[in-house]
There are 2 protein chains.
Amino acid sequence: MSSRSQAIADTLTRAIIDHRLVPGCKLGERELAEIFNVSRIVVRQALIRLADDGLAQIERNRGAFVAKPGMQEAIEIYDALTLVEQGVAAQLSDRLGPVGWAELRQHVERQRQAVANGNDALADVLGQEYHTVFVRLSRNKVMQDIHAQLLRRTTLLRSLITADFDYCNLLDDHARLIDLLEKGRLKQAMELIDTHHRAVVRGYIMDRQVFPEMTPREALAPYLEGSLNGVAKPAVAKKMEEEGAKATHRHVHASKQT
Amino acid sequence: MSSRSQAIADTLTRAIIDHRLVPGCKLGERELAEIFNVSRIVVRQALIRLADDGLAQIERNRGAFVAKPGMQEAIEIYDALTLVEQGVAAQLSDRLGPVGWAELRQHVERQRQAVANGNDALADVLGQEYHTVFVRLSRNKVMQDIHAQLLRRTTLLRSLITADFDYCNLLDDHARLIDLLEKGRLKQAMELIDTHHRAVVRGYIMDRQVFPEMTPREALAPYLEGSLNGVAKPAVAKKMEEEGAKATHRHVHASKQT
DNA sequence: AATTTATTGATTGATATCCAATCTTGTGTT
DNA sequence: AACACAAGATTGGATATCAATCAATAAATT
């Protein structure tokens, strides 16, 4: 393993994109140090990594908090994501061979099956992963890192919103994008990426108030190595289960850990 | 000021993009701690920041070194930069008003004067800054950060190469890009950005061997607050002065501190 | 009673010291 | 010359400590 601070940063990242640690949540050094059973210094280093990634915000002499982006920043993140994916699309439309297209199609198919089976949590993960696979095909690690970071930040954003859009629609977009690109209709493909993300960000109604409902200790418990309780579940998914399937479509926006 | 580790990270970044700290150079914790007169831990935090930025590489139990990207990574960085700037160009061609175009033109003009006056160092800084101004016009902070980071990494790359291309050519590119974009010839503009960067990366002949010729202490001396020796000079520029103006065109690729 | 001021407590930023693990180097042996 | 082994140095991390700052309460004044 690389360094302990990196491991802790990874765990915190996981917890944040699983929506177990929500924006605004205080990340006290001493508290985290106790939770992870390490010294404060290691925690501090982890927090620095998180802040560099845009997932945490460190305020001098006040401590670190899970980042709480405003609407403006949300728009900027999605604009940046659009820009990156459009660029990758342009590259792929030239260079990608049939094997690549097949991989993408297969991925979409897996997501379609997940939707058919009612496994919304899996479908959501696959929906996210599609974008990752897409960018990976560019064979550019630098670009992949940038994109992955942007994706994490969009996932964080979903903690702040009421998800009221239908992502079955978005699944179609994924399939259509492949078709358009393979046929070389780049202009339309880029248009599609733009509308796709706009559809997402339009659905965002930032309800400024987010209530933690969990202490960091509870939120992080499932990730600690001592845990024998199986795999950690996203906070939202859990809530959904408790509430039962009230809506016809359940929109789970948390990612399951790999 | 934010934190000391951030300040040190900034100084190290400055030194790296000024080519005073060259790729492969060891960044020992104890040594830097003495130089900056801080504890090792603060240095370590600074190094973590640098590594997250792609400017340093931390090897477990071996320490930190100034990053030494290979040819593959160089290509990827420039591809990513191309992708970002093409995307920004596409946005700007729609949305940018005459004020924005004027700002860009004014910037090119300043660089042209610098070239005319033989102030190559300034010309180089302005040439870099052009790209920054360009992206700033997108009014997207997230994108600006990503772009700035990529630019820093390209500057690092210039430590590894023999600069043998004529950047007067590139200055023309800057002016032409504005013309093309304002006239809405987006396709050609994007092509130009691509060739522009390819021209740069083509000129790269990575001479694997880079000799430090400076200890970190010497390299960092000009940036320490105690220094009354005036402004730090880029290592390359200094060397140029010593050698005198042997070539008809001097190609200075280090940036002066602001 | 309400507002302002002080005091207290908690948290962060940072240092010094110490220790274990690991890497490097130098030496000695075969 | 090649290999093994033993210092020596460096990193990763823990702990304890201290100053500075923020938050919240208690006290004092109007």
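As the structure is a prediction and not an experimental result, all values here were calculated from the model. Worth knowing before you read on, the calculation uses all heavy atoms, side chains too, and leaves out hydrogens, waters and symmetry mates. Order of the sequence lines sets the chain letters (A, B, ...), proteins ahead of strands, with each chain counted from 1.
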Check side-chain contact (heavy atoms from CB on, under 4.5 Å) between [X] and all other residues, then give those that pass, not counting sequence neighbours.
X: A/Q6; value: A/S2, A/S3, A/A9, A/D10, A/R49
X: A/Q72; value: A/E76
X: B/L122; value: B/A114, B/N119, B/L126
X: A/T132; value: A/L151

Rounded to whole angstrom units, what separation is found between the [atom1] atom of [X] and the [atom2] atom of [N]?
X: A/R60; N: D/dA20; atom1: CZ; atom2: P; answer: 12 Å
X: A/I8; N: D/dG12; atom1: CD1; atom2: P; answer: 15 Å
X: A/F36; N: D/dG12; atom1: CZ; atom2: C1'; answer: 18 Å
X: B/L47; N: D/dT11; atom1: CG; atom2: P; answer: 9 Å
X: B/N61; N: D/dG13; atom1: CG; atom2: P; answer: 9 Å
X: B/E31; N: D/dT10; atom1: CD; atom2: P; answer: 9 Å
X: B/I48; N: D/dT11; atom1: CD1; atom2: P; answer: 13 Å
X: B/L27; N: D/dT10; atom1: CG; atom2: C1'; answer: 14 Å

Study note, to complete from the structure: With both pairing distances under 3.5 angstrom for Watson-Crick or G-U wobble, and | for a partner in another strand, the correct string for DNA chain C is ||||||||||||||||||||||||||||||

Show the distances under 3.5 angstrom between N or O atoms of the protein and N or O atoms of nucleotides 14-16 of chain D.
residue : atom : partner : partner atom : Å
D/dA14  : OP2  : A/S39   : N            : 3.2
D/dA14  : OP2  : A/S39   : OG           : 2.7

By side chain to side chain donor-acceptor pair (under 3.5 Å) - contacts of [X] (at least two apart):
X: B/D52; answer: none
X: A/R40; answer: A/E29
X: B/E34; answer: B/R217

Study note, to complete from the structure: Looking only at heavy atoms, the pair that brings A/T155 and A/H19 closest together is O-NE2, 2.9 Å

Practice item. May I ask you to decide if the ring planes of A/H131 and A/H147 are parallel, tilted or perpendicular, using 30° and 60° as cut-offs? Key: parallel

Check your understanding: Among all residues two or more places apart in sequence or in another chain, which pass the ring pair (Phe, Tyr, Trp, His ring centres under 6.0 Å) test with B/H107?
Key -> none

Point to revise | A/R62 or B/A64, whichever maps to the more 5' nucleotide of DNA chain D | key: B/A64

Exercise for review: Anything under 4.0 Å to a heavy atom of chain B counts; send over the first and last such nucleotide of DNA chain C, read 5' to 3'.
Suggested key: C/dA14 to C/dT24

Practice item. Quick one: list whatever passes salt bridge (charged side-chain N to carboxylate O under 4.0 Å, His left out) with B/R139, sequence neighbours left out. Key: none

